[in-house]
S.K.: 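The structure under discussion is supplied below as structure tokens; questions concerning it will follow.
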Amino acid sequence: MTYATTETPGGPPPGWPTTEAAATAVQDELRGRVVLDEPGPVPGEPLTVVGVDVAYDDERDVVAAAAVALDAETLDVVAEATAVGRVAFPYVPGLLAFREIPTVIAALDRLPVRPGLVVCDGYGLAHPRRFGLASHLGVLTGLPTMGVAKNPFTFRHEPPGPRRGDASPLLDGEEEVGRALRTREGVKPVYVSVGHRVSLDHACGFTLRLAREFRLPETTRAADALCRAALREA
DNA sequence: GCGACAG
DNA sequence: ATCTTGTCGC
């Protein structure tokens with residue numbers, strides 16, 4: 001599988017933004033390509049779900065990404081891939097995608113299966129300019145994507161009910177940009193938002209199916225473990 | 001102007 | 001994200 005960004009062994013692709021102003025301009029331009037009106041893959045039907053995550057060593061200017069493909073029904077790992085690169089952008093809230101995406105796409109390129117859905121660490125639509133990491137990855141790859149974040153960003157929400165599956169809207173004014181979703185009783189919720197070509201209801205359904213035993217989806221847990229291991233060996 | 005702020 | 005010991009609990 002080869003996706004949008006060009007090949008550049010270690011570093012960011014040619015033309016990758018280097019300033020915050022250039023990066024926000026890219027977001028404003030690509031935002032219009034996000035597809036929000038497809039229900040997308042259906043929770044409970046056969047699917048290959050891919051988790052992606054990244055680990056950093058800013059000292060050495062090294063970033064390692066992992067893509068782990070799971071059978072959505074059994075949660076068995078069916079394929080995995082990693083990639084190592086140079087840090088492409090500093091961490092700036094709202095511009096996370098510019099830091100993670102080049103290496104994530106390199107890892108996806110090496111994955112020998114076609115993802116039916118990609119689950120990202122972080123947000124998609126729930127973003128100041130409605131174009132978070134998951135949205136950006138979706139537009140560049142064309143794949144259905146969604147985001148599951150561990151912390152609330154800048155959106156307000158009521159605490160969801162206490163039971164697994166309880167949810168409350170993440171609100172930007174009156175607009176529901178995502179959902180705080182309880183995956184485990186007595187444990188703080190995760191924050192779900194759509195990326196590309198998947199509905200919020202389905203994204204929440206997948207999150208619950210992927211996170212039965214732990215707070216976070218197995219896709220995220222598997223990708224996190226793998227990218228950390230890849231960073232050590234880099 | 002001053003905080004807050006996904007990873 | 002990352003720096004980090006022990007500790008409580010299944």
S.K.: Where the side chain of A:L231 is defined as all heavy atoms beyond and including C-beta, which of B:dC5, B:dG7, C:dT2 is the nearest nucleotide?
M.R.: C:dT2

S.K.: To the nearest Å, how far apart are A:R60 CZ and C:dT2 P?
M.R.: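 Nearest whole value for this atom pair: 12 Å.
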
S.K.: Rounded to the Å, how far apart are A:D58 CG and B:dG7 C1'?
M.R.: 11 Å

S.K.: Using whole Å, report how far OH of A:Y91 lies from P of B:dG7.
M.R.: 7 Å

S.K.: Might you confirm whether atom CZ of A:R33 has over 12 heavy atoms from other residues, nucleotides or ligands at distances under 6.0 Å?
M.R.: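 Not more than 12 within 6.0 Å, no.
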
S.K.: Ring-on-base stacking between A:Y191 and B:dA6, under 5.5 Å between centres and under 30° between planes: is it there?
M.R.: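 Answer is no, no stack.
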
S.K.: If the threshold is 4.0 Å, N to carboxylate O, is there a salt bridge linking A:R221 and A:E213?
M.R.: no

S.K.: In whole angstrom, give the distance that lies between atom CZ of A:F153 and atom P of C:dA1.
M.R.: 15 Å

S.K.: Could you state the CZ-C1' distance from A:R99 to C:dT2, rounded to the nearest angstrom?
M.R.: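 Answer to the nearest Å: 10 Å.
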
S.K.: Any ion pair linking A:D53 and A:R228 (charged N to carboxylate O, less than 4.0 Å)?
M.R.: no

S.K.: Which part of the nucleic acid does A:A126 contact within heavy-atom distance under 4.0 Å: base, sugar-phosphate only, or nothing?
M.R.: nothing

S.K.: Can you tell me if A:K150 touches the phosphate of B:dA6, counting only side-chain N or O atoms and a distance under 4.0 Å to OP1 or OP2?
M.R.: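 Result: no.
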
S.K.: Need one value for A:L170: base, sugar-phosphate or nothing, where a base atom within 4.0 Å counts as base even if backbone is also close, heavy atoms only.
M.R.: nothing

S.K.: Give a yes or no answer on whether the side chain of A:H127 reaches the backbone of A:G94 with a donor-acceptor pair at less than 3.5 Å.
M.R.: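 Yes, the answer is positive, given that a donor and an acceptor are paired below the 3.5 Å cut-off.
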
S.K.: Does atom CD (A:E175) have a neighbourhood of more than 12 heavy atoms from anything else shown, all under 6.0 Å?
M.R.: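 Correct, the count exceeds 12.
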
S.K.: Looking at C:dA1, B:dA6, B:dC5, which one has an atom nearest to any side-chain atom of A:H127?
M.R.: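 Ranking C:dA1, B:dA6, B:dC5 by closest atom to the A:H127 side chain puts B:dA6 first.
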
S.K.: If you compare every side-chain N and O of A:R228 against the phosphate oxygens of C:dA1 (OP1, OP2), does one of them come in below 4.0 Å?
M.R.: yes

S.K.: Just checking A:P152: base, sugar-phosphate only, or nothing, at a heavy-atom cut-off of under 4.0 Å?
M.R.: sugar-phosphate

S.K.: For A:G94, report the nucleic acid contact type (base, sugar-phosphate, nothing); a contact means any heavy atom under 4.0 Å.
M.R.: base

S.K.: Measure the distance from CG on A:D224 to P on C:dA1 and round it to the nearest whole Å.
M.R.: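 Interatomic distance, CG of A:D224 to P of C:dA1: 6 Å.
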
S.K.: Side chain of A:N151 only, please: which of C:dT2, B:dG7, B:dC5 is the nearest?
M.R.: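 Ranking C:dT2, B:dG7, B:dC5 by closest atom to the A:N151 side chain puts B:dG7 first.
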
S.K.: Looking at every strand, decide which applies to A:Y56 at a 4.0 Å heavy-atom threshold: base, sugar-phosphate, or nothing.
M.R.: sugar-phosphate

S.K.: Rounded to whole angstroms, how far apart are CG on A:D53 and C1' on C:dT2?
M.R.: 13 Å

S.K.: Rounded to whole Å, please give me the gap between CZ in A:R232 and C1' in C:dA1.
M.R.: 15 Å

